[in-house]
Amino acid sequence: MFSTIRSNEKISLIYQLVKRDVSSRYRGSILGGSWLFISPLLMLSLYSFAFAGILKARWPGAEEMGGIGYAINLFAGLMIFNFFSEVASRSVSVVISNANLVKKVVFPLEVFAFVNVISALIQLIFSIFILIIAIYIYQGTVHLTVLLFPLLFFVFSPFLLGISWFFSSIGVYLRDLGQLISVLLNIALFFSPIFYPLSALPKYLQDLQFLNPLSFIIEENRKILIHGNSMDWIGIFYYFIASCIFSVFGYFWFQRVRKGFSDVL
């Protein structure tokens, strides 16, 4: 059924859907797509004002940068979390919101997972750009290890695709899933090393943290973007294997349960 659509046609379809998705977000707004740049800039400015100007917070290992160091490390963690959060939360309704396409036998519904991830990636890229500028302003240099970020995304993306396929298929049958995901994301926000470094926790809690698939990516992101350290290559390898396994699981689960989509919708 799906072989009737060639790979190049799927790529073209994904491109068109991503373009439509991104443009629809800012349609009618005065600043339009400029919000992709303005939003992370305002976020980082707010964090800098709050943690440097008001709370005088200090990030362990970056005390010399004062509250700015805390804001930058916080932002580096939050942009990964927001990336994951957007993919997870939007996945729940992606099939439902495209119900008119479900009954079209030749339409490859599985491409919506790629659309979700790529659309969220566009905002992440602008966030990284803002972060790199801030690092250069306050550290006076940008580490070459920032070039490793595409590899980090490559390792993380299969997990996100698996999440998108799994949640989008469950969301068709369980309409309360959106509310449940919102609660789980709030829990994940504080369970992930976003407001604190992993090294600040006791050893037993550090081990528990890696049950959270976001923890490793957040820590590696800070290492390469802020601190100029190389990746944990062994950890990256094992994470990629686990990420791919979960992606395969999500894909086959989606294909198995999609047969009932048209009946429910």
Heavy-atom check, side chain of I217 versus side chain of F84, under 4.5 Å: no
By ring-ring contact (aromatic ring centres under 6.0 Å, His included) - contacts of F195 (at least two apart): F190
Non-hydrogen side-chain atoms of Y238 and I234 separated by less than 4.5 Å: yes
Within the 6.0 Å centroid threshold, strictly below: F240 and F154: yes
S39 side chain to L36 backbone, donor-acceptor under 3.5 Å: no
Residues in side-chain hydrogen bond (donor to acceptor under 3.5 Å, both in side chains) contact with N82, at least two apart in sequence or another chain: none
Show me the side-chain donor-acceptor pairs of residues 241-249 shorter than 3.5 Å, one per line, residues at least two apart or across chains.
residue : atom : partner : partner atom : Å
S243    : OG   : V155    : O            : 3.1
S243    : OG   : F159    : N            : 2.6
S247    : OG   : P158    : O            : 3.4

Distance-minimising heavy-atom pair for R222 and P193: NH1-O, 2.8 Å
Cluster check L78, L42: I/L/V/M/F/W/Y, side chain < 4.5 angstrom: yes
Note, D176 side chain near L180 side chain (heavy atom, < 4.5 Å): no
ILVMFWY clustering at 4.5 Å (side-chain atoms), partners of F191: none
Under 3.5 Å: donor-acceptor pair, side chain of S85, backbone of F81: no
Partners meeting salt bridge (charged side-chain N to carboxylate O under 4.0 Å, His left out) with K203 (sequence neighbours left out): D207
side-chain hydrogen bond (donor to acceptor under 3.5 Å, both in side chains) involving S119 - partner list, sequence neighbours excluded: D21
Nearest-0.5 Å distance that lies between atom CD in E220 and atom CG in L152: 7.0 Å
Residue pairs involving residues 186-196 (criterion side chain to side chain donor-acceptor pair (under 3.5 Å); sequence neighbours excluded): S192-N212, Y196-Q209
Check: I226 main-chain N/O paired with H143 side-chain donor or acceptor under 3.5 Å: yes
Heavy atoms of other groups near L144 CG, more than 12 under 6.0 Å: no
Ring centroid separation F126 to F37 under 6.0 Å: no
Pairs touching residues 228-237 that satisfy side chain to side chain donor-acceptor pair (under 3.5 Å), sequence neighbours left out: S230-W233
Under 4.5 Å side-chain linkage, directly or through intermediates, the cluster mates of Y15: none
Expected output: side-chain S127 to main-chain Q123 donor-acceptor under 3.5 Å: yes
Heavy-atom side-chain proximity of F75 to I194 below 4.5 angstrom: no
With E86 via side-chain hydrogen bond (donor to acceptor under 3.5 Å, both in side chains) - residues at least two apart: R25
Centroid-centroid under 6.0 Å between F252 and F166 rings: no
Selection residues 154-171 - residue pairs positive for side chain to side chain donor-acceptor pair (under 3.5 Å), sequence neighbours left out: S91-S164, N116-S164, S169-W253
Partner of Q139 under side-chain contact (heavy atoms from CB on, under 4.5 Å), chosen from I137, V142, I135: I135
Backbone of Q255 reached by a side-chain donor or acceptor of E110 within 3.5 Å: no
Close side-chain approach of L151 and I224, heavy atoms under 4.5 Å: no
side-chain hydrogen bond (donor to acceptor under 3.5 Å, both in side chains) partners of Y173, counting only residues at least two apart: none
Side-chain heavy-atom pair M231, N221 within 4.5 angstrom cut-off: no
Distance in Å, M79 CE paired with L44 CG, rounded so as to fall on 0.5 Å steps: 10.5 Å
